[in-house]
Each structure stands twice: as C-alpha cells, then as structure tokens.
Trainee: 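Once you've had a glance at the structure underneath, I'll fire off some questions.
Only this structure's heavy atoms are used, side chains among them; waters, hydrogens and symmetry mates stay out.
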Amino acid sequence: MNIDPRYFEEMEARIPKGKVRTRFAPSPTGYMHVGNLRTALYTWLIARHYDGTFILRIEDTDQARQVEGATDVIYRTMTECGLTHDEGPDIGGPVAPYIQTERRDTYPRYAKLLVSKGAAYRCFCEKCESEEDSGDFDRGDDPCRDMSAEESQARADAGEPYVIRQRIPHEGTTTFHDVSFGDITVENKTLDDQVLLKRDGLPTYNFANVVDDHLMGITHVVRGSEYLSSAPKYNLLYEAFGWEIPTYVHCSPVMRDQHNKMSKRHGDPSYEDLKAQGYLTDAILNYVALLGWAPKGEKAEQEFFTLAQLAEAFDIAGISKSPAIFDIEKLNYFNANYLRAMTPEAFAKAAEPYIRSVVKNPAIDAAAVAALLQARCEKLTEIPEKVDFFEALPEYETDFFTNKKSKTNPEVSQSMLEAAIPMLEGLSDWTVDAIHDGLIDLAAKLEVKNATLMWPVRIAAAGRLVTPGGAVEICHILGQEETLRRLRLGLDKLK
C-alpha cells in the first residue's frame, strides 16, 4: 500500500491553530429542526464567546437523504438568525473545501493510512448498505479482520469490492470526557468494527466527521447526546492517527414531552414552521438558547438576551445534561415580550403583511391598526382574525349590545346610538381627540357612565365583542363616513 507522507504533512501544515474553532455541519435534508438550530446556535456562541472562528460545513455524503434546495434553507436560516460564519462553502477559507463530497479524495487516503497502521482493515464480506452505514449487526469477529496484509492487498488489486472497517481492540477500555457528562468509560469489547469507508469510496458519517474536524482544526465539537455511544470509537480514531482530541459538548435532546423527542415525523415545528406561525427570529433564538443551557453568576436570573448578550454570557459549563422540554406556551411568552419591545415603526412593518392579508381597503391605515395590536398579540399570525372587521362589518347578534358591567341592553344601546350618530356627524375634525372629547362630553350630557355610551358605539362599529382598541380608536381608523354607516346599521338592527 503506497502511503505518501508528504500529503499528510501538507494537510497538517494547513490546519489553523491558536484559536477556538467550532463548526456547524448540517446535512442538506431540507429541515432545520429546533435541535439542529440549537446546535448551530451553541457552536456559534462558543466561537464568539472565545473570540474564535465559526465554520459552516455541509455534510452531504449521504446522497440518498439529500433534498433539492436544502442547502439554501441552511444558508437562509443562518443568515436570518445572524449566525454568520467565518469560513464555509460560499466564502472559502484556509481549509477548503467545506462540502464533504468535494473532499471525497481525502477520506480514502486517511482510511488507507489507518490500514497501514493496523488500526483498520479491508472487509470483502457481502453486507447490505444499511449494515455498512450503521455497523450495527449481530456477528462475531469479522472474518476479514485477521486476513494477512498480502492477501488483502492482492484481493484489492484484483478489483474485489471492499469496505474499510475500524479495528477496535478486543481488550481494555476507552474513556472519553464530555463537558456535560464528565468522564465516560466503556469496555472495548462492546464496540463494533464500524465501517469507515464504503464501497463507493465515500466515508461514513462517523469517519468523515473525525477527519474533517481534525483537518479543519476544530477545538470544540457540539452534537446531540445520541452520539455519546459513538464517542469511544471517535477517540480510538484520534488516538490511532496521533491527533489531539477536541473538547466534546454533547447536548441532551429537545423533547416535546417527558417521553418523546421532537421530530419531523411527529409534525414538530422546524425553524421555518415557527416563523410561518408568527414567531420572531429573535424570540425563537432566545428561547432555543435556554433549552438546555442556563446563564450563571449575575445573569443567572436573566431571561431575555440579545444575540450579542448571549455570546458574552455563554459558558459551556452552563449546558445541562438533562433533556429540555419544548414548551410552546413559554415560546409564546418570549414572543409576546419581543413584540412589545419593538419600536412602533418596526412592529407596524412586521404586522403590515398580516393586516393587509384581510384588510384590503387602502383607506384603512395599517400603521394605525398595528398600533392597536402591539400590546395585544403573542404571535403575528393572530393578527388577521383580530382585525378583519376593519375590512367588512361582520354579522352579529343584538345580544352583543347587552353588557352588565357597562349597564347596557338593547333599549339603552338604541338611545345611546340615537344620541351618538348626530354628534359624530357634526364633527368637522375627525381626530382621535375630537372623537374622544365628543363622546365623553355626550356621556356627561346624557348623565351615563362613559362605558354605557362607548360599548354600543364600539359594538356597532366593529360587530365584535372583543376588539383591539376601543370605540374611539376604531371609529378614527374606519373614518367618519364608514363609522356613521355602521352605527346607523346597528341602530336599524336594534329598532
């Protein structure tokens, strides 16, 4: 087997050193689920907290699972979330390329280097692809494990197809350290000789990860706790190559309840789903950061963080080994707070598409409608059902005019509207102040509580029991002509 040491020396010379380097390495399957987003966020936060380098790597060796356009979803999500990368497929970097299939010539060289070191071997056995990918099947020692180097080389030279498997020691134990879980020791006899290189020359996920992480100088590896069981095999690979082992940060799963992990199969939302459901990116990120991590020290009680504040506060020691439950009500709470904290102009811009989806009339001022909503909604998607009455007066029952607290019933409401219509008709200036003062003065003249007059005016104007804003704001937005038309219709209904 020809091994050119100069190739490996050149690859080593390219590795950046002296800084924290993290990577987010998604597969282009078209779906950025919450756990994936959390991994991206944590890897970005570690890099930024330590003034390091954040790398985006696309792991596309599993061609069967690829979805067209999925890489665009990854780029779009990262950009929207502000998780800017310093190196990656689109901007390059010192250890390019950053797409695994573009690195396919690298992996066989390293797999063969392991064979030459005795840490791996060629396996010529016929096994199905799924077995090759997982290495998870019931067997004794692989019959190829103890094949002589000469026979193995001869069969390979003859063109016989093979995979390359890791040679796991039969004896002893392997110990690895994780930031959250501490030291974990496993007996080597419980580990299988996993496939490193498949028949088509492409690496398995586990092998490509180790090779790329080393060659890209990754110092901290963040991944799900489901990979804890693979970590001993990763360690053995690092040791076989003589490479430094990175800091492992295994994150416990995000659960939908006490017993079930979140998953696409069960209809749990992706980042894009949450956006479509009316959640703000900043609120999503803030909430996701706290799914399995807690700030320490003086920030221990803090809930709301900007991305910059998270980067400053983020300490990997705060990552929990307990699973985190995704609570949609808690996300609603975060989102409502973020909506309220927006400037009126920013909220109006965010709300306008939702308002205009149901209020087509250009005479209705969308910004004025938005001003009524900012303190009254948890999600942007709630907006259409709250404001559609501005476009058209809905059908409503005369029962709506009865309200015990406001001391109204159909008879009282009729007399209130009979008094309000001519007063509003006589207003030469249709402003919030003029409408407000006119109604307040009228209530005083009629010797009734303000609410006794305001309730029937609002019901007639909106046709709804619950509205964002009161009678004054609704009348002002509708305009004088439309307000009077609706109040007359209400009066007719009461008569």
Trainee: With a 3.5 Å cut-off and no angle check, do the side chains of Tyr234 and Asn206 form a donor-acceptor pair?
Mentor: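 Looking only at side-chain atoms, Asn206 and Tyr234 do form a donor-acceptor pair, the distance falling under 3.5 Å.
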Trainee: With ring-ring contact (aromatic ring centres under 6.0 Å, His included) as the criterion, how do Phe347 and Tyr338 come out once you've worked through the C-alpha distance, each side chain's angles and the decisive distance to 0.1 Å?
Mentor: CA-CA 10 Å; Phe347 179 80; Tyr338 271 88; over 10 Å; no
Trainee: Looking only at heavy atoms, what is the nearest atom pair of Lys19 and Gly52, with distance?
Mentor: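 That would be CE-CA, 4.0 Å.
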Trainee: If you count every heavy atom of other residues, nucleotides or ligands that lies below 6.0 Å from Lys404 atom NZ, does the total exceed 12?
Mentor: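 Count not over threshold, so no.
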Trainee: Of Ile218, Ile55, Thr22, which is the lone residue that meets side chain to side chain contact (heavy atoms under 4.5 Å, CB included) with Asp213?
Mentor: Ile218
Trainee: Mind checking salt bridge (Lys or Arg N to Asp or Glu O under 4.0 Å) for Glu226 and listing every partner two or more places apart, or none if nothing turns up?
Mentor: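 If we apply the salt bridge (Lys or Arg N to Asp or Glu O under 4.0 Å) test to Glu226, skipping adjacent residues, there are no hits.
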Trainee: Tell me, please, which residues at least two apart from Asp437 pass salt bridge (Lys or Arg N to Asp or Glu O under 4.0 Å).
Mentor: none
Trainee: About how many Å separate OG1 of Thr43 and CZ of Arg223, when rounded to the nearest 0.5 Å?
Mentor: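 One finds 12.5 Å between CZ of Arg223 and OG1 of Thr43.
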Trainee: Heavy-atom distance under 4.5 Å between the side chains of Leu427 and Gln480, does that happen here?
Mentor: yes
Trainee: Which residue is it: Phe176, Tyr248, Tyr205? I am looking for the one with a ring-ring contact (aromatic ring centres under 6.0 Å, His included) to Tyr227.
Mentor: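 Among Phe176, Tyr248, Tyr205, the one that satisfies the ring-ring contact (aromatic ring centres under 6.0 Å, His included) with Tyr227 is Tyr205.
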Trainee: Would Arg23 and Asp86 count as a salt bridge (Lys or Arg N to Asp or Glu O under 4.0 Å) here? Give the steps.
Mentor: CA-CA 10 Å; Arg23 50 76 173 166; Asp86 307 302; over 6 Å; no
Trainee: Run through Thr77, Leu45, Leu41 and flag the one making a side chain to side chain contact (heavy atoms under 4.5 Å, CB included) with Leu83.
Mentor: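 One option only clears the test, and that one is Leu41.
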Trainee: Evaluate the side-chain proximity of Leu424 to Ile435: yes if any heavy-atom separation is below 4.5 Å, no if none is.
Mentor: yes
Trainee: Just so I know, are the side chains of Val179 and His250 near enough to count as touching, which here means a heavy-atom distance under 4.5 Å?
Mentor: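 Counting from C-beta outward, Val179 and His250 never come under 4.5 Å.
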Trainee: Test Ile459 against Leu465 for side-chain contact (heavy atoms from CB on, under 4.5 Å), laying out the working first.
Mentor: CA-CA 7 Å; Ile459 294 298; Leu465 282 170; 4.3 Å; yes
Trainee: Is the shortest heavy-atom distance from the side chain of Asn260 to the side chain of Arg256 under 4.5 Å?
Mentor: yes
Trainee: For the side chain to side chain contact (heavy atoms under 4.5 Å, CB included) test, which of Lys407, Glu447, Lys405 pairs with Thr452?
Mentor: Lys407
Trainee: Got Lys275 and Ile284 here, is their nearest side-chain heavy-atom distance under 4.5 Å?
Mentor: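 When only atoms from C-beta onward are counted, Ile284 and Lys275 do touch, with a gap below 4.5 Å.
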Trainee: Can you name the side-chain hydrogen bond (donor to acceptor under 3.5 Å, both in side chains) partners of Tyr354, sequence neighbours left out?
Mentor: none
Trainee: Under the 3.5 angstrom rule, does the side chain of Thr483 hit a backbone N or O of Leu478 as a donor-acceptor pair?
Mentor: no
Trainee: Please check if the side chain of Gln309 supplies one atom and the backbone of Thr306 the other of a donor-acceptor pair under 3.5 Å.
Mentor: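 Between the backbone of Thr306 and the side chain of Gln309 there is a qualifying donor-acceptor contact (under 3.5 Å).
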Trainee: Run the side-chain contact (heavy atoms from CB on, under 4.5 Å) test on Thr39 and Cys251 for me, step by step, so that the C-alpha distance in whole Å, both residues' side-chain angles and the decisive distance to 0.1 Å come before the verdict.
Mentor: CA-CA 8 Å; Thr39 300; Cys251 302; 5.7 Å; no
Trainee: Judged by atom type as modelled, is there a donor-acceptor pair below 3.5 Å linking the side chain of His49 to the main-chain atoms of Ala311?
Mentor: yes
Trainee: I would like to know whether Arg76 and Glu272 meet salt bridge (Lys or Arg N to Asp or Glu O under 4.0 Å); could you show each step before the answer?
Mentor: CA-CA 10 Å; Arg76 185 167 64 248; Glu272 294 211 325; 2.8 Å; yes
Trainee: Before you tell me yes or no, could you show the steps for Arg356 and Asn361 under side chain to side chain donor-acceptor pair (under 3.5 Å), namely the whole-Å CA-CA distance, both residues' side-chain angles and the distance that decides it to 0.1 Å?
Mentor: CA-CA 8 Å; Arg356 287 300 178 206; Asn361 183 355; over 6 Å; no
Trainee: Within the supplied structure, the quantity of interest is the number of heavy atoms (other residues, nucleotides, ligands) at a distance under 6.0 Å from Glu303 CD; does it exceed 12?
Mentor: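 Buried by this count: over 12 neighbours within 6.0 Å.
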Trainee: Rounded to the nearest 0.5 Å, what's the gap from CD1 on Ile440 to CG on Asn450? Could you check?
Mentor: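 These two atoms lie 3.5 Å from each other.
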Trainee: In Å and rounded to the nearest 0.5 Å, what is the CG to CD distance from Leu56 to Glu87?
Mentor: 11.0 Å
Trainee: Assess whether side-chain contact (heavy atoms from CB on, under 4.5 Å) is satisfied between Gln100 and Ile58, documenting all intermediate values.
Mentor: CA-CA 6 Å; Gln100 280 189 335; Ile58 303 297; over 6 Å; no
Trainee: How long is the span from the CE atom in Met32 to the CG atom in Asp273, to the nearest 0.5 Å?
Mentor: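 It is 13.0 Å, given to the nearest 0.5 Å.
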Trainee: How close do Pro410 and Thr402 get, counting heavy atoms only, and between which atoms?
Mentor: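 Smallest interatomic distance, heavy atoms only, reads CD-OG1, 3.2 Å.
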Trainee: Under the rule for side-chain contact (heavy atoms from CB on, under 4.5 Å), what residues qualify as partners of Thr343, not counting sequence neighbours?
Mentor: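 Listed in chain order: Glu345, Ala346.
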Trainee: Under 6.0 Å from the NZ atom of Lys449, do we count more than 12 heavy atoms belonging to anything else shown?
Mentor: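 Counting neighbours around NZ of Lys449, more than 12 heavy atoms of other residues, nucleotides or ligands fall under 6.0 Å, so yes.
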Trainee: Under a 4.5 Å cut-off applied to non-hydrogen side-chain atoms, are Ile325 and Val254 in contact?
Mentor: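 The answer is no, as the side chains (C-beta and beyond) never meet within the 4.5 Å cut-off.
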Trainee: The criterion is salt bridge (Lys or Arg N to Asp or Glu O under 4.0 Å); which residues satisfy it with Glu482, sequence neighbours excluded?
Mentor: Arg485, Arg486
Trainee: Between atom CD1 of Ile74 and atom OG1 of Thr79, what is the distance when rounded to the nearest 0.5 Å?
Mentor: 11.5 Å
Trainee: Determine the minimum heavy-atom distance between Val95 and Ile15, stating which atoms define it.
Mentor: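 Taking every non-hydrogen atom into account, CG1-CA, 4.4 Å.
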Trainee: Could Lys493 and Phe401 be counted as a cation-pi pair, given that NZ or CZ must be under 6.0 Å from the ring centre and within 45° of the axis?
Mentor: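 Verdict for Phe401: no cation-pi partner in Lys493.
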Trainee: With side chains defined as the heavy atoms from C-beta onward, is the minimum distance between Val472 and Met454 less than 4.5 Å?
Mentor: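 Yes, at least one pair of side-chain atoms sits under 4.5 Å.
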Trainee: Check whether Asp51 reaches the backbone of Ala47 with its side chain - one donor and one acceptor, N or O, closer than 3.5 Å.
Mentor: no
Trainee: Tell me whether Glu59 is salt-bridged to Arg57, with the criterion being a basic N under 4.0 Å from an acidic carboxylate O.
Mentor: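 Salt bridge between Glu59 and Arg57, a charged N being under 4.0 Å from a carboxylate O: yes.
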Trainee: Give me the atom names and distance for the closest heavy-atom approach of Val34 to Pro269.
Mentor: CG2-O, 3.6 Å
Trainee: Any chance you could lay out the side-chain contact (heavy atoms from CB on, under 4.5 Å) test for Leu373 and Ile355, step after step, and finish with the verdict?
Mentor: CA-CA 10 Å; Leu373 295 163; Ile355 295 169; 4.1 Å; yes
Trainee: Just so I know, are the side chains of Met416 and Val448 near enough to count as touching, which here means a heavy-atom distance under 4.5 Å?
Mentor: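 With C-beta onward as the side chain, the pair touches.
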Trainee: Taking ring-ring contact (aromatic ring centres under 6.0 Å, His included) as the cut-off, I'd like each qualifying pair that reaches into residues 269-303, sequence neighbours left out, listed once.
Mentor: Tyr287-Phe326, Tyr287-Phe334, Trp293-Phe314
Trainee: Can Arg103 and Asp212 be counted as an ion pair, charged N to O under 4.0 angstrom?
Mentor: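 Yes, Arg103 and Asp212 are salt-bridged.
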Trainee: For residues Ala96 and Arg14, report the shortest heavy-atom separation together with the two atoms involved.
Mentor: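 Nearest pair, atom of Ala96 first, then Arg14: O-NH2, 2.8 Å.
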Trainee: Judged by atom type as modelled, is there a donor-acceptor pair below 3.5 Å linking the side chain of Ser406 to the main-chain atoms of Thr408?
Mentor: no
Trainee: Which distance, rounded to the nearest 0.5 Å, do you find between the SG of Cys475 and the CZ of Arg458?
Mentor: 10.5 Å
Trainee: Give the minimum heavy-atom separation between Gln374 and Leu339, together with the two atoms involved.
Mentor: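 In this case the closest contact between Gln374 and Leu339 is NE2-O, 2.9 Å.
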